[in-house]
S.K.: 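Questions regarding the structure given below will be posed in turn.
Because the structure is predicted, anything quoted here is derived from the model rather than measured.
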Amino acid sequence: MTVLSPVPSGDIEALGDWLDAQLAAQWQDVLGTHAGKLADAYARAGDAAYGTYLNLLLRGAKRELRAAGLRAQPPLPGDFGVSREWGNAQETDQERWMWSVLHSPDGTPLGTLVVAMAHDHTRFHLPRRPRAFGVPSVDLTQTETLLGERSADFAAALPFHAWYEADLKRQT
């Protein structure tokens with residue numbers, strides 16, 4: 001990944017803007033470079049291929065954050081179990097938001113970086129580029145409240161672990 005600008009220090013919104021710029025600059029290159037690997041991953045594991053894509057896409061940004069002494073917890077893109085997803089009935093345009101608390105070199109929590117990933121459940125396809133932004137919260141409940149204020153779709157969606165439990169009950 002080519003670094004477009006140095007990692008900003010301290011301000012979570014500036015860090016979110018920095019990460020978003022990295023994603024904007026690299027998302028199509030990563031898709032093109034790894035098209036065969038991602039198609040194979042989707043054929044073998046379905047939606048897990050999007051996790052592979054995000055790991056490839058975020059590799060350089062994670063390296064740059066570490067070099068600046070910053071640490072994301074959980075590692076970017078975030079904890080799938082508390083992430084939220086919503087989308088159209090055809091499942092061709094889904095969006096998942098995941099997030100990580102970013103810590104300064106001295107361990108002070110700075111805020112939360114959010115990664116938004118648009119994807120398709122019928123084939124490996126990204127309807128829009130991945131995005132990132134920062135929110136000034138480090139508490140899970142407060143972060144979920146702020147994200148719900150930012151998006152009614154997010155507010156209406158269940159955390160993955162709750163959705164999964166409800167889906168298992170519907171199937172039995």
S.K.: Are L57 and Q22 close enough that some pair of their side-chain heavy atoms sits under 4.5 Å apart?
M.R.: no
S.K.: Looking at side-chain heavy atoms only, is the closest gap between P159 and R84 below 4.5 Å?
M.R.: yes
S.K.: Which heavy-atom pair separates R129 from W27 by the least distance, and what is that distance?
M.R.: CB-CE2, 3.2 Å
S.K.: Rounded to the nearest 0.5 Å, what's the gap from CG on D20 to CG on L15? Could you check?
M.R.: 12.5 Å
S.K.: Grab the two heavy atoms, one from R150 and one from W97, that are nearest each other, plus how far apart they are.
M.R.: CD-CH2, 4.2 Å
S.K.: With rounding to the nearest 0.5 Å, note down the distance linking OG1 in T112 to CE in M98.
M.R.: 14.5 Å
S.K.: Show the nearest heavy-atom pair for residues A72 and S100, with the distance to one decimal.
M.R.: CB-CB, 3.9 Å
S.K.: Do you reckon Y50 sits in the same ILVMFWY cluster as L23, going by side-chain contacts under 4.5 Å, direct or chained?
M.R.: yes
S.K.: Does L146 belong to the same Ile/Leu/Val/Met/Phe/Trp/Tyr cluster as V101, with side-chain heavy atoms less than 4.5 Å apart forming each link?
M.R.: no
S.K.: Minimum heavy-atom separation for E91 to D120, with atom names?
M.R.: O-OD1, 3.4 Å
S.K.: Say you draw a straight line from NE2 of H119 to CZ of R128; how long is it, rounded to the nearest 0.5 Å?
M.R.: 10.5 Å
S.K.: How far does CG of L140 sit from CH2 of W99, to the nearest 0.5 angstrom?
M.R.: 6.5 Å
S.K.: If you group Ile, Leu, Val, Met, Phe, Trp and Tyr by side-chain heavy-atom gaps below 4.5 Å, do L31 and L19 land in one group?
M.R.: yes
S.K.: Look at the aromatic rings of F124 and Y53 and report parallel, tilted or perpendicular, splitting at 30° and 60°.
M.R.: perpendicular
S.K.: Measuring from atom CD1 of I12 to atom CG of L102, what distance do you get when rounded to the nearest 0.5 angstrom?
M.R.: 5.0 Å
S.K.: Tell me which pairs pass salt bridge (charged side-chain N to carboxylate O under 4.0 Å, His left out) where either residue lies in residues 151-160, with sequence neighbours left out.
M.R.: none
S.K.: Would R131 and V115 count as a side-chain contact (heavy atoms from CB on, under 4.5 Å) if you check the C-alpha gap in whole Å, the side-chain angles of each, and the deciding distance to 0.1 Å?
M.R.: CA-CA 6 Å; R131 297 176 295 119; V115 175; over 6 Å; no
S.K.: Just list the side-chain donor-acceptor pairs under 3.5 Å for residues 76-83, sequence neighbours left out, or say none.
M.R.:
residue: D79; atom: OD1; partner: G81; partner atom: N; Å: 2.8
residue: S83; atom: OG; partner: F80; partner atom: O; Å: 2.7
residue: S83; atom: OG; partner: R96; partner atom: NH1; Å: 2.6

S.K.: Going hydrophobic residue to hydrophobic residue with side-chain gaps under 4.5 angstrom, can you get from V138 over to L113?
M.R.: no
S.K.: Please step through side-chain contact (heavy atoms from CB on, under 4.5 Å) for the pair K37 and D40, ending with a clear verdict.
M.R.: CA-CA 5 Å; K37 178 180 186 175; D40 182 55; 5.8 Å; no
S.K.: On a heavy-atom basis, which atom in E13 and which in P136 lie closest, and how many Å separate them?
M.R.: OE2-CD, 4.1 Å
S.K.: Using modelled atom types only, decide if a donor and an acceptor are shared between the side chain of Q94 and the backbone of N88 within a distance under 3.5 Å.
M.R.: yes
S.K.: Between W18 and L54, is there a shared hydrophobic cluster once you connect ILVMFWY residues whose side-chain heavy atoms come closer than 4.5 Å?
M.R.: yes
S.K.: Atom CG in L56, atom OG1 in T33: separation rounded to 0.5 Å?
M.R.: 9.5 Å
